[in-house]
Amino acid sequence: MDLTDVSPGRITYREGKAQRPGDVVYWMQQSQRVWRNPAFELSKRLAVTKAKPLWVLFALMADAPEANSRHYRFMIQGLFECAQTLRELSIGMFLGVGAPADILGKLQDTISILVMDKGYLNWQRDLRRDVKASLPAHEIYEVEADVHVPVEVASSKEEYAAATLRPKILKILPYDLVCADDCIDSSGLTRTSDLSIPGLINLAKIPSESDLWKLTIEAIQPDESVSPGHFEGGYRQAGKRLDLFLNDRIHGYSEARNHPGLRHFSDLSPYLHFGQISAQEISQRALDHFDVSPEDMSALIKSKGAFNPAAKDLAGFLEELIVRRELSCNYCHFNHAYDEFQSLPAWAKTTLYDHWADPRPRDYSLDRLENAETDDPYWNLAQREMLMTGKMNNYMRMYWGKKLIEWLPDPELSFRLMLWLNNKYELDGRDPNAYAGVAWCFGKHDRPWQNRPVFGSVRYMNKAGLDRKFDMSLYVQMIEDL
């Protein structure tokens, strides 16, 4: 099979020791969707080409790092929708409880070919390494399904900043932007939605989302101390958010996207985190909305919309969706210490160490911070937004992080606590964007600035800056309305 016909550069392949009987299985982990999913598309092509049945497996793990009921609930909503879509295609989707390697290892005699999607975090790499070890003789494909340009196609090293990655990505775009038709074709596939597989739960037989959630609670007993938040998971909900953004919020985006009180944001990051919608689908629909050809993507982003003023807002959005987001993937892929203070640039660590003993203006307890009880009203609002909704305004998240550096006794503690709070409450935490965003507060993907106490030459932000740049009464009202 010519893999370049499927998705060039997205696939790594391990040849099996011999042609094996059995099924094609797509182990879904990072890319939790059916639509515009190159890993699922490849699975279908392999099943048709080799005349084998195809089914999808999801492994429900009780020990997913830092996950609680807020994260699990959002994920389950999306998975139930996936199962419904696959059932309409007569393709089975099955749930196993436990480590993917254990589940697949027990089923190795029923599996001929395994397809899996790609993740960039250490624990995701470990899962895939263990899965490969559990299927030593099997043909295995790994498909990079959640970025526009595969990380190692874009660059062979960790990039210093967006300025160094941007030209490499723009040189390649649009790459394979349209990765699948909007209409999913299941012709030629064996019906598997009625299968019964020992040790697995056939999701086609789960009558409702609430039943699946009850099963999840019983199976893994997630931490239920965090409320569900304001977001509902799944591809359809992501599509509604995207429609609202393109029809209303994207207009004015380039000028007002940082304003905390104006709603020029897409709210798509939770859905991208769980792979419930493809970043490529988002950009394709945005291009169509502005009647811009994919071939003009690079020029549009490079010029910040100058060559097409009508699409200036689109240029700013694509910069965030493609360049900035994929810079985060580059960071986590090449720097395996992405969740540690030591991952920061040498200049940032040096300047923060030099100011380690500087007096801090505040020393708040964890309880006061977590419960939004500081003396900074804007910080409290940002924390409350995160506690209530599962997401924080992006600009306020930067301010929120900078104040933790200013208040806490040392930068290493600030780094750890920032990650802990972010990953506990944010639906888009625990992913490359989250780790890169926290590291940015400490100088990653940034440059040295004017030297000052506590921060050294790491960029500083303060309340006066918010008041100077924005009408913060709008943000105050927005959070009070929640």
Pi-cation contact, Trp123 with Arg430 (under 6.0 Å, within 45°) | no

State which residues pass ring pair (Phe, Tyr, Trp, His ring centres under 6.0 Å) with His355; sequence neighbours excluded, sorted by chain then number.
-> none

For Tyr26, the ring pair (Phe, Tyr, Trp, His ring centres under 6.0 Å) test, sequence neighbours excluded, returns none

Residue list, side-chain contact (heavy atoms from CB on, under 4.5 Å) with Glu295, at least two apart or on another chain = Pro174, Ser293

Contacts of Lys402 meeting salt bridge (charged side-chain N to carboxylate O under 4.0 Å, His left out) (sequence neighbours excluded), chain-then-number -> none

Ring-ring centroid check His251 Phe290, cutoff 6.0 Å | yes

Residues that Ser328 engages under side chain to side chain donor-acceptor pair (under 3.5 Å), provided they are two or more places apart = Asn433

Salt bridge (charged side-chain N to carboxylate O under 4.0 Å, His left out) filter on Asp248, not counting sequence neighbours, yields none

Qualifying residue, where the test is ring-ring contact (aromatic ring centres under 6.0 Å, His included) with Phe470 and the options are Tyr475, Tyr378, Tyr395 | Tyr395

When the ring planes of His333 and Tyr120 are compared, do they come out parallel, tilted or perpendicular, using 30° and 60° as the limits?
-> perpendicular

Pair Arg285 + Asp288: basic N to acidic O under 4.0 Å | no

Output all residues satisfying salt bridge (charged side-chain N to carboxylate O under 4.0 Å, His left out) with Arg447, sequence neighbours left out; order by chain, then residue number.
-> none

If a pair satisfies side-chain hydrogen bond (donor to acceptor under 3.5 Å, both in side chains) and one of its residues is in residues 301-312, list it, with sequence neighbours excluded.
-> Glu255-Lys312

For Pro448, which residues count as a side-chain contact (heavy atoms from CB on, under 4.5 Å) partner, sequence neighbours excluded?
-> Trp347, Ser457

Which of these, Phe74, Tyr235, Trp35, sits in a ring-ring contact (aromatic ring centres under 6.0 Å, His included) with Tyr271?
-> Phe74

Can you name the residues that form a side chain to side chain donor-acceptor pair (under 3.5 Å) with Asp376, not counting sequence neighbours?
-> Tyr399

Could you give all pairs that pass the ring-ring contact (aromatic ring centres under 6.0 Å, His included) test and reach residues 409-429, with sequence neighbours left out?
-> Phe415-Phe442

Partners passing side-chain contact (heavy atoms from CB on, under 4.5 Å) against Arg257 (at least two apart in sequence or in another chain) = Tyr253, Glu320

